[in-house]
Each structure stands twice: as C-alpha cells, then as structure tokens.
Amino acid sequence: MPEVMSSEVVVIGGGVIGAAIAYYLCREGAEVMIVEEDDLASGASGACDGFVSLQTKAPGPHLRLAMESAQLFPELAEDLDVDIEYRRCGGLLLATSQEQMKELRGRAKALKAEGLEVEILAAGDVKDFLPEVGKEVKGGSYCPLDARVNPISLTLGLAKKAQEMGATILRGCKVENIVVTNNRVREVHTTAGSIHSRRVVCAAGVGSNQIGKMIIVDVPVLPQRGQILVTESREPVLKTLVAGAEYLGTKANIQALMPADAESAKLGLGFTAEQTASGNLLLGSTREFVGFDNQTTPEAMNAIARNALRYLPWVEDMDVIRSFAGLRPCSPDGLPILGTIKGIRGFYLATGHSGDGICLAPVTGVTISELVLDGETSLDIAPFSLYRFK
Amino acid sequence: MKKGKGCEGKAPGMRVRGHPVLGEPPGGREITVFLDGKPLPAREGEPLAAALFASGIRVAHYAAEGREPRGPFCMIGRCTECRMVLEGKGMVLTCLTPAEEGMRLHTPGRRGKP
Amino acid sequence: MGSEVTDETNGWQEAWEAAENGAVAVMDCHEEIPCNPCQEACPNGAIRVEPHVCALPRLDPGACNGCGRCVALCPGMAVFLLDRRERNGFARVTVPYEMGGKPVEGDVVQVVDGEGKALTEGKILKVRAWGGEAPTLLLTVRVPEEVALKVRGVRYRLIELDEGLEVENAPPLLDYPICRCEDVSLQNVRETLRSGVRSLLTLRRATRVGLGYCQGLFCQSSLREELAAAAGREAWKMGSFRVRPPVRPVKLGRLGGENA
Amino acid sequence: MKLRRESHPLVVVGAGPAGLCAALEAAEAGLPPLVLDEGSRGGGQLVKQIHRFFGSREHGAGKRGFQIAEELVSGCLGKGVEIRLGHKVLGFFPDGRLLVDGDEGVFVLQPGATILATGAVEKSFPFPGWTLPGVMGAGAAQTLVNQHRVMPGKRALMVGAGNVGLIVAYQLLQAGVEVAGVIEVNRAVGGYAVHAGRLRREGVPILLRHRLRAAEGKKEVESVLVEDMERGTWKRFSVDTLCLAVGMAPQAELAAMRGCRLVYLSELGGFLPWHDRAMRTDRPGVYVAGDLAGVEEASVAMDEGRLAGLAAALDAGVLDPGEAAERMEEVMDRLELLRGGPFGEPRRKAKERLCSMTGLVTGGAGRKAGIRGRTGRR
C-alpha cells in the first residue's frame, strides 16, 4: 500500500516555477513538498534559453512583474550554492526594416515611461555590441538590464536550497487526483501515495490543464513548441543577448513585427541568440502549436539557421552540434496565470508563463509564497488572474 | 628490455612503404598545407589527419583550458577528437577533410594562443 | 614421425605419407569457423568442407596435386604444403607469406614454429604468387624432415619478445576525464552520483557529460556503468541520452544554406 | 527560400557490405534504391580490410575486404543503384523523413522505405591517460595503415585478443609498425586460433590475463602500464601507440531517433533495433541490416542486407511473394549455417531470442510470418 504523507504545502511541478515557489516558501519557514512527474527541470525549464529579458515584456503589469523579478536575481545568485551563471549582459533587439525600427522606437518610449532603461541604436551603433551584423539590420534597441542565466542550474539550485531548508522532492511521482471537500483542498493523490495538504500550488507548466481538470477548473494553458539549435563551444563572441524584432512580434502578437514570409510566420520564427557560460551559442526559436510533440524538425532547423545567418553572418562556420525543443506553457494572452480559484480554498495557480518562466520565476516565487502564507501579495497580481479570460 | 625504436621523437617518415599486400601507395599529388604557419607535406585528397600522422604529428587540439593534448581516436568522424581549425572553414574534423593545396590549419586550445 | 601427427581428422597422417610422392596440402584448421574458400580453391576437388560451411575441411591426399592454391587463399593462412620427395632427411615446406622483406629465391630466412620460435635457418627455394590482384606469396623452404610438420612460417629477422619492464610499486591512479568533449572527470561524476543522482539525464544536467561535440557517444556506456554501480542495477537498464539531430556536426552555413 | 526536398521509393543508409547487398537485392527485384554514405569510398569498413575473408563464395570468401568492396560497388552501379558518397544523414525524423548533408547542400529526403545499415562503432572505455594522443581504436589504426597508408606510430600495444585486435595487430606489422604485444584480460584468446597463430609466428606475444592500467606520457603516449592479473605485478611497455580492440557497438542513433524500439543484447554488441527475421523493425517501412542489427561477421552482414532488400521489395509490392519467400528461405538457411559452430552459437541464440520477442509487430515474428510480412498492407 502506498504510504500516506502530509505537508503544509504541496507544489505540483518541479520546473523553475515550482522550485522558486518552494524556495521562497521554505525561506518563510513553510513545510513544502514538490511533486514532480519526471525529474527537476525536465519540461520547459530544461529546454529553453536563458534570457532574462526586460525589453521584450509588454509595458504595464507584465513589465513591472519582470522588473521586480530582475531585481531578485542578484540576491539569488548570491544565496544559491549552485552557480546559476547569472550575468547582466544587456540585450539587443534588432530591426531589419524601417517599419520595425519605428515600432521599436514606440515601444522603447513606452518602456522608458515605466522606468526601464532602453536605448535606441542606429545601424552603426549596433556594431559597438556585436563583431558584425547582417546587411539587413537597420538598428535596434538596447537594454542594459537584460541578463542571462543558466535555466537548469537555476532550477536545480532553487530546488536544492529548498531541500536544504526542509522541502521534500518527490521525483517520478505523478498527481492522479486532488481531493476537495467543503470547498477546500484536502488531499493530493499521487502514484507515490496520498499527501494530506490544505494548500496546493499548481506549477505544472504544460501539464496545468490536466491538473485543473482534477478540480473541474479550465486552466487555458497550451503547449507551444520552441526549437533551439546549439553550436560548438567558442571563446566569448557574443557579449549580449540578441533577438530579432520578429521574436517580439511572434511572442507578443504584434502585427508590425511579424515575419514577412509565410513559412517563417507558420513556424512563428523569431531570432534569438545567446552564448552560454560553457561557450555554446543557443540560437532560436519557433512558436508552434503541435500538441505535446517536442521533436525538432528539419524545417525549423533550417529556418533557425537561415535566420541566424541573416542577423549574424559570422556564425556561418560554426558547427551545430545539437538541437532541442521545449514546450512553453502558453496562456491565451501570453501572460502568466497567477492567483487563487473561485470557490476552492487552498488551490493556487502559478502557470502559463509562456516562455517567460525563467525571467519571472523569482517574482512568481515571492508572490505565490506571500499568497499561500498570508493570503495577500505585495505586488498587484489581479491582471494575472485566471478570470481575466472570462 | 628492448627499448622501442620509435618512442623518442618521431621524425617525418611515417608513410607506409613497400606494403606486402598493397604495394606502394597510389601517388596523390604532393602538396603543401600549413600547420600553425609551418609548411607540411601532404598528398592531395588524403584526410588532413593522415597528412599530420605522416609527419608524426598526432596532437589535433588542446582541451581542459589548454592542459590536455588530444588526437584522433576513431578516424571515421565519430569521436570528434581530431578537430582543428581550418582557415576559412572554422572547426573541421581532420579525419574526414581532404587535404588541398595551401590549406592552413591551426591547433585550437593551446594555452597562450587564441 | 607419425607421433607428431596430432590431428588425424584433418588427414595429416595420410598427407605425411602422400608427401613422399610430391607436394601435398596439410590443413592446420581446427576450429569450426564458417569458411570454405579452400574447397572452392581446389581445382581437383580434393578438399571438402561438409556437410556445412562450419565443418572442418577434409583433404583427400590422393586427389591433391600440391598446386598451393588453397595455401594462398585460406583466410586463416592455415594451410601449408609438405613435399618429401627428396627422401634424404629433408623435406620441402611451402608456407603463405604476407609480410615485408620482398622475398626472392635464395634468401636465407628463419624458419619458425607456431609460437614464432626459430626451428632452423633455411634457404628459400621457390617464390610463387597466387590469388588475384593482391596475391599471397608462397615460399618454399627446405628443412630437416623431423621439423617439417612444426613449420608455420618464415621470418627475415627475429625480434626479442618484449615482456615489459617490471614496475616495482603500482603507481597511484590519477583522476581522468570520463567525458572527453566537456572534460568531466570521473571523480566529478562519482561525487555527483554520491549526491543521489540516478539518471543519465540528471547526471548530464549536473555535470555537462555528453553535451559536447560527440553527442555523448564516447561516454554514454561508461556513464551507464557508473550509474549502474551506484544504483546497484544492470548497466543497460540505465537508459540512454535522447538522440537529437544533427547526429553529425554540421556548419550553420550549410544547415541554413539556400539550396536550389 | 525553402529547404530542398527530394523523394525516393527506397533509401539505404550506409554503403557497407550490408547496405550494398541490400541495394543489389532490391535493385534486382526492380526497386533500385538510393544509397547514402558519409565516407568517400563505397564499401564501408571493407575498404580498410586487407586480409582475405572468411565465409563462402556468396560472400566473396578468399578475397580481400577491399576487393569485395570494389565488387559490390560495381555490382550496384551495374544494376542502376545510385550511390551518393560524402552524404551525412543528420537526422531520421519520426515522420520518416531524413535530413541529409551532401554536396548538393542540406536537404530533406522523403523515402518510401528506408534500410538502415549504419554499421557499428568501436567501443572504448576510460582509463588513466586514455585522452593522450596515440591512444586510439584498433579500427582507427587500421584505417590509417591500410586506407591512408600512414603509420599511427612506430611501436604499438594492442588491447584485446578478439578477431579485430589480432587482425589489426597483424596488419600493423605488415605496414611496418612494431607490435609489442596483445594483452587480453580473459584466460583465452577470443578470436580465431588461426588469427592468433599468424601473429604468434611473427613473434608477437599474446599476454592473457593482462589488464590495461594506464597510458603514460606528457604530450603523447610514451609508455603503457599493464597489470599481470595472475601474478599481481605491473609492467611498463615502452610504446608510442596504444590500440583498443574491445568490441563494437551498433550505431543505432538514427534508428533510435526514428522511434524504432531498441533492445539490449550483449552478444550482439549492446543496444540494437528490434527486428524480425526479414529485418523489419517495429516501424513500418524501416529495415535494418548488418552490424546495426547486431555486430557479426561481414558475411552475415551481406546476407542480412540481402534479406532487408528482399523484404523492402516485397513490402513495396514489386516482388512476387512466392519468389521472395524462396529467395529469403535460401538466404535464411545460409545465415543459419554461418551462425553455426562455436563462434556463431551465442550470436545465433541471441538473434533467436530477439526474433522471438513478440507483441511488437502485427504479423508476428515467426519465420513464416516474417516472410509473409506486410504484403499488400503498405
């Protein structure tokens, strides 16, 4: 017979969001159990780039959330025992047409109005940051606060620290049902046994919809595939994060920044590049709704490589040694879903980060831990409520 | 114990001559490639790694921040230990890259070098 | 000499007797290997590999004319010719030869046994080549009759056996990389395993093993064994890295190249 | 600009003995395939084999490996088989498409059916000093001396007294490399006695119950430490080259990527794609042959290739089922015999175990069922 366990809080999902929530809960002295179906960082957190990018967030609540999160990273880098490779390296957003430039200027203005430092660069200025850019590049914007981090190390580091503070991590443990009585969460049934708990956080990423069904709540999170190419390791050649304006276009659904050709539009192609601490370039990426298929495809590999050559022609002689695909937990508007559920006490949602999970993990952790333990949050999370979609 | 003849310093001359089954090697055109700036004889079309072996050179690159020399291990393009930088091409597997006149090879990773 | 004949199933006794009248093949083939070119080689049908391809060859000495084709074509170089025609205490032995030295008739060589030990010095009486475009040489040497059946080859020079140099104390074994591409040491892997890691994927995430140029081809099986040792399970049950294209490195310029 | 696409009714990956025989057989049946190989010469590992081959006439026995390679290549060309050399298959996607890098650029190839004959790769294991230049696979040394005609070093020690170790040690001698010895942890030589005999008569010691401990040297191999397991003592051999011949493993990455179920059989080299007697995997339209389907002799690879070629032609509907059955029976019978004898027995049993693993493919895995296969159910 499976044993019966209990915990003050159960966090469903051992990705970066679950790990961050567990970490901040433990810092407040809570008793936490992470239930992970596979292994830590086995989903999107282990198959993504390490962008902690601010200038790609939508001005408003989204940006404020991200800026809050960005402030938490240096402290995390300090506190975690694992080197999370956090570097405030700055980020470039490149435009390949005057229309895109115009759009970027408008956005920069809006971002600045919210207090984010963003600089508009002419084509000539871009060369200060990159050895060489493609002829199509007309300029871009630069945000010095953009940073990068190793997403796997971040997830593992958060989980490890949480564990040291008393959290239990159940790996290979699948949630089968959530018992609600008298409008309150009571119990979580898992393949490893039942866990008595009055507080359950759903941080299950692309599995959140399935978890929601257990309590008859529709959590509108769909898997969105993003493919990435990995190159051989090189000496440092890329100081900053680099993204193409189309990345922003496909991410935030901005018509003026969408890829021009039909094939790229179909793939949701947007250029991203970063160099990891180990020297590999990660080149992205796509946005495709293909269910739970996390294979890479010939079309996307070709398209990503072709796109990379457009922006950074000097990558031509670099070897691609691997590709991978992750499934972003995507919400209808691309913003996270944070908060409680009407009519069920003790159930909290922290999902739908739509590709911003790494960036928003610290602030999600802090906010959800406040919500779980105090019932209120220092940051207004009303804009991220599940009920904004209704 | 008999001291192996070949253990101290390999001079050029590692080509197989007068093979009892295969006879003399088919004569590819003698060409020159460059290793870290120094000329090196090679036969046109043979893998670069073979040309290096022919001159007794077995270090392809340095790993572990320049501490560890590495050389060809599988000769069929799988181990990737034979990789070197070929000017204009980037990193190549020398066991699969045919030698051409004037190619310039560089030993990557050596400490104190780019 | 009959006592020297150890394998009568291969017709050595008969061959020894038949050799009085001229060259005859002696089959030194004692393992059931799927192989029958000797049968194919013989123009007289004197060699039979029956009932199937793994059977040991049988020679009918009466039908063998000592042409030597089987000597040249045997992939195991396990056939030789014996010729006792001289009847003066000497025999002629013909062995296959594929080493250096470019033998010519008249060369004096070391005649060796199956362990490479010199039996006698002998003069090469005859050099023939047989077996297609890259032929095998057949060298005929004259040796005292009493060693004839021990002859397995000839050598131009004998080398001392290298037994290695005895090492007084076993030196301490140092750490070494288990993953060559990412330079992950064995100790690093073992420490990570001690922290409770039990899957290839987690091990990879924690240490970067298998993330390099070769895609984990070279370290995967060693990692499985380390994992298995830590988990007390069989190595093959420890899983595999997921295969991610490209399975061979490819230049970005090629992958993204515009092709007609 | 879109990724170039090409399609072909039958694609064979790998132009070794298995791939070429598969191509020949399919071509004869009226389905001439497109053969891809990343090497610069057709014939796979045969091109570096200079010894005469075992087997029977059907396998080119008595001829040298590179000669067999030449014959197979010209045989294929004569039958209208297109062989594209220097073509790397970068991926075999679950939808059945191949991503290929060749002189025409990177392109997508859509095969009607695919025969994987990707061969095997030498195993290696880590030990102190194994990263030093001069330590290499026996096959690498063989490639150097026989194909590229260059010596890997002046004096070598071979690890492993299986057939590969014994043959390569002999061929190093032929090329003019001194061989200090062959060491083997087991109590007996693993390879054929005739191969051991050839080496011994050249004065090369085969040291049984000796274990490799370390390769030593500053920049390259200068010596090798070996443990005498019987006496518990250590020896140092002064050599500049250390060759490892410790077995081969099927190169199953493409099969794994395609989603073929892999099974583990140590007698056949490790993980390999499950297949029936007609070389069908559990993925429709995907066949395997040769060392990928279990590391064995070249003669076996050739016959397995023939089976795969026949099965592909049969399943594609170009070969009369009766004729196919007859041809397959003939090849299967020969395979049975090739796996006879003490050396083939463990492999024969392993293959039998493999083919009897049921529940994987509809149509069953029995011999007759294997022949009948998926005719008419493409």
Side-chain angles (χ1 to χ4, degrees), chain C residues 29-37 40-41 52-54 73-78 98-100 112-116 132-134 152-153 155 158-159 161-167 170-171 173-174 176-178 180 186 217-218 221-222 236 240 243 245-248 250 254-255 257-260, chain D residues 1 4 51-57 61-64 67 88 90-91 99 101 104-107 121 123-126 128-131 173-174 176 180-181 192-195 197-198 200-203 205 214 225-226 233-237 253-254 256-257 264 271 299 337-338 340-344:
Chain C
C29 177
H30 313 281
E31 284 179 329
E32 292 184 335
I33 296 169
C35 184
N36 63 12
E40 300 273 335
H52 55 77
V53 70
C54 282
L73 290 179
C74 169
M77 297 175 83
E98 292 196 347
M99 278 292 161
V112 298
D113 67 6
E115 296 298 315
E133 277 177 32
R152 290 295 177 277
R155 294 237 306 277
L158 294 175
I159 46 171
L161 282 188
D162 182 358
E163 290 291 343
L165 191 66
E166 202 78 34
V167 179
L173 295 181
L174 303 172
Y176 50 90
I178 189 165
R180 298 170 77 115
L186 178 70
L217 182 92
F218 265 57
S221 67
S222 316
W236 67 273
S240 300
V243 182
V247 299
R248 299 283 188 276
V250 59
R254 290 188 70 79
L255 186 58
E258 298 183 357
N259 28 61
Chain D
M1 232 22 68
R4 194 173 65 85
H51 56 286
R52 296 187 188 278
F53 267 57
F54 294 81
S56 317
R57 195 206 318 231
K63 290 178 196 145
R64 300 180 192 277
Q67 296 170 327
K88 289 185 267 188
L90 303 177
L99 185 63
D101 181 11
E104 61 275 61
V106 171
F107 64 99
V121 61
K123 286 180 186 169
S124 62
F125 61 95
W130 79 304
T131 54
L173 286 175
Q174 289 180 303
Y192 295 162
V194 287
H195 286 317
R198 289 204 294 174
R200 285 200 178 105
R201 75 179 74 134
E202 296 303 326
L225 263 184
V226 169
T233 56
W234 293 52
K235 296 168 185 173
R236 180 174 278 127
F237 287 87
E253 302 103 80
L254 290 178
M257 206 190 139
Y264 183 87
F271 288 99
S299 49
L337 293 175
L338 283 175
F343 289 94

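Chain naming here is simple, since letters A, B, ... match the order of the sequence lines and numbering starts at 1 in each.
In terms of heavy-atom pairs under 4.5 Å with chain C, the best-connected choice from D/Ala180, D/Ala193, D/Gly344 is D/Ala193. Between chain D and the options C/Ile178, C/Val243, C/Val167, heavy-atom pairs under 4.5 Å are most frequent for C/Val167. Ranked by non-hydrogen atom pairs under 4.5 Å with chain C, the options D/Lys123, D/Lys88, D/Glu202 are led by D/Glu202. Of all the listed residues (C/Ser222, C/Cys74, C/Gly100, C/Gly114), the one sharing the greatest number of non-hydrogen pairs under 4.5 Å with chain D is C/Gly114. Looking only at heavy-atom pairs under 4.5 Å with chain C, the residue among D/Gly341, D/Gly203, D/Gly55, D/Gly340 that has the most is D/Gly55. Ranked by heavy-atom pairs under 4.5 Å with chain D, the first of C/Pro37, C/Pro246, C/Pro75, C/Ala41 is C/Pro75. With chain D as partner, the option from C/Glu166, C/Arg152, C/Arg155 having the largest number of non-hydrogen pairs under 4.5 angstrom is C/Arg155. Ranking D/Gly91, D/Pro128, D/Gly197 against chain C, the residue ahead of the rest is D/Pro128, based on heavy-atom pairs under 4.5 Å.
Taking the charged nitrogens against the carboxylate oxygens, C/Glu133 and D/Lys63 have no contact shorter than 4.0 Å, which rules out a salt bridge.
Here the closest non-hydrogen pair linking C/Pro245 and D/Leu90 is CB-O, 3.7 Å.
Interface residue D/Arg57: backbone and side-chain heavy atoms are both found under 4.5 Å from chain C. For D/Leu99, the part lying under 4.5 angstrom from a heavy atom of chain C is the side chain only. For D/Tyr192, the parts sitting under 4.5 Å from any heavy atom of chain C are the backbone and the side chain alike. Only the side chain of C/Leu217 comes within less than 4.5 Å of a heavy atom of chain D; its backbone N, CA, C and O stay farther away. Proximity to chain D (any heavy atom under 4.5 Å) is shown, for C/Val247, by both the backbone and the side chain. Using a 4.5 Å cut-off between heavy atoms, C/Glu31 touches chain D through its side chain atoms alone. Interface remark: D/Val226 contributes no atoms to any contact with chain C (heavy atom separation under 4.5 Å).
C/Arg248 is linked by a side-chain hydrogen bond (donor to acceptor under 3.5 Å, both in side chains) to D/Glu38, D/Gln251, counting only residues two or more places apart in sequence or in another chain. Residues meeting the salt bridge (charged side-chain N to carboxylate O under 4.0 Å, His left out) test with C/Arg180, sequence neighbours left out: B/Glu81.
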Intermediate values then yes/no, side-chain contact (heavy atoms from CB on, under 4.5 Å), C/Leu165 and D/Lys235
CA-CA 5 Å; C/Leu165 191 66; D/Lys235 296 168 185 173; over 6 Å; no
Report the C-alpha separation of C/Leu255 and D/Asp101 in whole Å, then their side-chain angles, then the decisive distance to 0.1 Å, and conclude whether the side-chain contact (heavy atoms from CB on, under 4.5 Å) test is met.
CA-CA 8 Å; C/Leu255 186 58; D/Asp101 181 11; over 6 Å; no
Please determine whether side-chain contact (heavy atoms from CB on, under 4.5 Å) holds for the pair D/Leu173 and C/Met99, giving the CA-CA distance in whole Å, both sets of side-chain angles, and the decisive distance to 0.1 Å.
CA-CA 8 Å; D/Leu173 286 175; C/Met99 278 292 161; 3.5 Å; yes
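Considering CZ of C/Phe218 and CH2 of D/Trp130, their distance stands at 7.0 Å, rounded to 0.5 Å. The line from NE2 of D/His51 to CE of C/Met77 is 12.0 Å long, rounded to the nearest 0.5 Å. In this structure, the separation between CG on C/Asn36 and CG on D/Leu337 is 10.5 Å, given to the nearest 0.5 Å. To the nearest 0.5 Å, atoms CG (D/Leu338) and NE2 (C/His52) are separated by 11.5 Å. Expressed to the nearest 0.5 Å, how far CZ of D/Phe271 lies from CH2 of C/Trp236 amounts to 7.5 Å. If you take CZ on D/Phe53 and SG on C/Cys35, they are separated by 11.5 Å, rounding to the nearest 0.5 Å.
The backbone N or O of C/Ala134 sits less than 3.5 Å from a side-chain atom of D/Arg64, completing a donor-acceptor pair.
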